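Read the structure below first, then the notes.
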Amino acid sequence: MIKKSSTSAAAGARGLEDLAPRERQVVECVYRLREATASQIQEELGPDLSNSAVRAMLARLEAKGVLQHRVDGQRYLYSAVTPQEKVRESALQKLVGTFFNNSKASAATALLGMSGELSSKELDELEAMIAKARKEGR
């Protein structure tokens, strides 16, 4: 059984930028592991974070609508409410809007300019995405 927080799931869709740095690390860890216990998260983040601190952050993140948990025997398994792809897209839209005046082309140009050398596979993927966007009229 999955327990969702009483706040709106849209809270998780806002992105991670509203979270404290340590809370963001916890959520990123949950995304990496897909589902995690407090002990697994503590192990991932290192010894400078106590188990009780991790549990307190998990409770706050659940109250904020970012995480949810399900009970598996005596363990709580935490997972993200909002799929990582949706959070990533939201953060990217905010970045493009803030730094590139909502120009996807300017953002892509900046990314290509800083990336150094691209592999043939990466270039092929970019060409395929551009061709698809032209075909779909984006």
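Given the structure is predicted, the values throughout are model-derived calculations rather than measurements.
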_Full working for side-chain contact (heavy atoms from CB on, under 4.5 Å) between Asn51 and Arg55_ = CA-CA 6 Å; Asn51 192 274; Arg55 289 181 190 282; 2.5 Å; yes
*Using the side-chain contact (heavy atoms from CB on, under 4.5 Å) rule, take Leu126 and Leu118 through it: C-alpha gap first, then chi angles, then the decisive distance, then the call.*
CA-CA 10 Å; Leu126 285 170; Leu118 295 172; 3.8 Å; yes
*asked:* Using the rule given for salt bridge (charged side-chain N to carboxylate O under 4.0 Å, His left out), can you reason through Lys121 versus Asp124, listing the C-alpha separation, both sets of side-chain angles and the distance that settles it, and then say yes or no?
replied: CA-CA 5 Å; Lys121 182 181 177 190; Asp124 290 344; over 6 Å; no
_Show, in sequence, the C-alpha distance, side-chain angles and deciding distance for Ser39 and Thr37, and conclude whether the side-chain hydrogen bond (donor to acceptor under 3.5 Å, both in side chains) test is met._
CA-CA 5 Å; Ser39 297; Thr37 64; 4.7 Å; no
_Measuring only between side-chain heavy atoms, which start at C-beta, is Val66 closer than 4.5 Å to Val81?_
no
Donor-acceptor pair, side chain of [X] and main chain of [Y], under 3.5 angstrom:
X	Y	value
Glu23	Ala20	yes
Arg70	Leu77	no
Gln93	Ser90	no

Where do [X] and [Y] come nearest, in terms of heavy atoms and distance?
X	Y	answer
Arg22	Leu49	NE-CD1, 3.9 Å
Ala80	Gln68	O-NE2, 3.8 Å
Ala36	Ile41	CB-CG1, 3.8 Å

*Which residues share a salt bridge (Lys or Arg N to Asp or Glu O under 4.0 Å) with Glu85, sequence neighbours left out*: Arg88
_Below 30° counts as parallel, above 60° as perpendicular, anything between as tilted: where do the rings of His69 and Tyr78 land?_
tilted
